[in-house]
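Quick one: structure below, then a few questions.
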Amino acid sequence: MGDELPDLQILRDNWSAYGDPASTHQVSVNGVTFGGERPVVIAGPCAVESYEQTLNIARAVKRAGGQMLRGGVFKPRTNPHSFQTLGNEGLEILAAVRKETGLGVVTEVLDPRLVEKVADVADMLQIGSRSMHSSPLLIEAGLAGKPVLLKRGWSATLEEWLCAAEYVASNGNRDIVMCERGIRASCHWSYARNLLDLNVIEPLRRATPLPIIVDPSHATGQWTLVSALSRAALAAGAHGLLIEVVDKEEVRSTLKCDPEQGIPPEVLAEIVAIAHGTEPVSMS
Ligand code: PEP
Ligand code: MN
């Protein structure tokens, strides 16, 4: 592609309601508004590993002031011998925790054949970084009638990411929230998992009215870096954050998925307070 963006319906130039560069297409999910007055903090476990873990974390997220719950049940795993996540059982856990806490749920859908099933439980469908280029999945997600959280592919250009959003939009759904989660660079696992591209927020907001949030957890891979990167993301114009949380430090070493990157609930409360301009809630 050249310097010009392709002709897409999600661009401001083609979406007449949003010609004003300061305007944002608000996306409502279970009473929470992306692109509204306040940044949205979504938080939860990397993967749903049990009912108890998910409920404990969801309660902590709610108490800290987080507005939505995340948690993977159909997760793409790099190594076929790693924990492959709970699938249908995990979906049932999410449904139960959603009912118990009232928090809206976002979870990843990996397989186009499972979109309907996941959409029966989830308030928002997450398309993961590895799946951003999967047009059959984007098409099904567009048809499902639920808001979509579209992660940036880990080597995707801004144009490719916008084209992925266009697949969803051109199948009838413009309620899309974009999510920057770090791109591959010459990072080494020992200090950073990915390179968080905060530069992309401003040009993305200029190009499209779709809201954009940032995932500092997968960007860094290290929970101690998440607070600073959350602040940086908000300063750079993000409409929200997607953050992994552990329920308590003692369980970290037992987690089967991304054990190093979940923040403790107290840190989540501090981040929410910064995002919302309030005092942090005491978590003790
Ligand atoms: C996730 O958020 O659960 C996840 C797998 O992230 P990503 O697709 O960005 O790697
Ligand atoms: Mn994770």
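What you see is a predicted model, and the numbers here were worked out from it, not measured in a lab. We count ligands from 1, going down the list as the structure has it; atoms in each ligand are counted the same way.
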Q261 and E244: side chain donor to acceptor below 3.5 Å: yes
Any atoms of ligand 1 less than 4.0 Å from a non-hydrogen atom of R181? List them with their elements. 7 (P), 9 (O), 10 (O)
Is any side-chain N of the basic residue among D123 and R98 closer than 4.0 Å to the acidic one's carboxylate O?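 Looking at R98 together with D123, the answer is yes, because their closest N to O distance falls below 4.0 Å.
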So which protein heavy atom does atom 5 (C) of ligand 1 come closest to, and at what separation?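 Among all protein heavy atoms, the one nearest atom 5 (C) of ligand 1 is K75 NZ, 3.4 Å.
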Hey, are R252 and E249 close enough for a salt bridge, meaning a charged N less than 4.0 Å from a carboxylate O? yes
May I ask you to identify the nearest protein heavy atom to atom 8 (O) of ligand 1, giving residue, atom name and distance to one decimal place in Å?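 Scanning the protein heavy atoms, the shortest distance from atom 8 (O) of ligand 1 goes to S129 N, 2.8 Å.
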Of all the N, O or S atoms in D258, which has the shortest distance to the Mn ion (ligand 2)?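 Output for this pair reads OD2.
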Got a sec: is C257 within less than 2.8 Å of the Mn ion (ligand 2) via an N/O/S atom? no
Check: E108 N/O within less than 3.5 Å of ligand 1 N/O: no
Can you tell me which residue among R193, R152, R181, K151 is in a salt bridge (Lys or Arg N to Asp or Glu O under 4.0 Å) with D215?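 Between D215 and the candidates, salt bridge (Lys or Arg N to Asp or Glu O under 4.0 Å) is satisfied uniquely by K151.
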Tell me whether R12 is salt-bridged to D20, with the criterion being a basic N under 4.0 Å from an acidic carboxylate O.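 No.
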Which atoms of ligand 1 are found less than 4.0 Å from any heavy atom of G128? 8 (O)
Does ligand 1 have an atom that lies less than 4.0 angstrom from a heavy atom of R152?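 No, that is not the case, since the closest heavy atom of the residue is not under 4.0 Å from the ligand.
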Counting both backbone and side chain atoms, is some N or O of Q126 under 3.5 Å from an N or O of ligand 1? yes
Consider only side-chain N and O atoms of E37 and H276, and report whether a donor and an acceptor are under 3.5 Å apart.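 H276 and E37 do not have a side-chain donor-acceptor pair below 3.5 Å.
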By atom name, which N, O or S atom of E244 is the nearest to the Mn ion (ligand 2)?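 Answer by atom name: OE2.
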Which heavy atom of the protein is the closest neighbour of atom 6 (O) of ligand 1, given with residue, atom name and distance?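 Heavy-atom neighbour on the protein nearest atom 6 (O) of ligand 1: K151 NZ, 2.9 Å.
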Please verify the inter-ring angle class for H25 with Y18; under 30° counts as parallel, over 60° as perpendicular, anything in between as tilted.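 Perpendicular: the ring planes of H25 and Y18 meet at over 60°.
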Side-chain donor-acceptor contact under 3.5 Å, S50 with E52: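 No - no donor-acceptor pair under 3.5 Å links their side chains.
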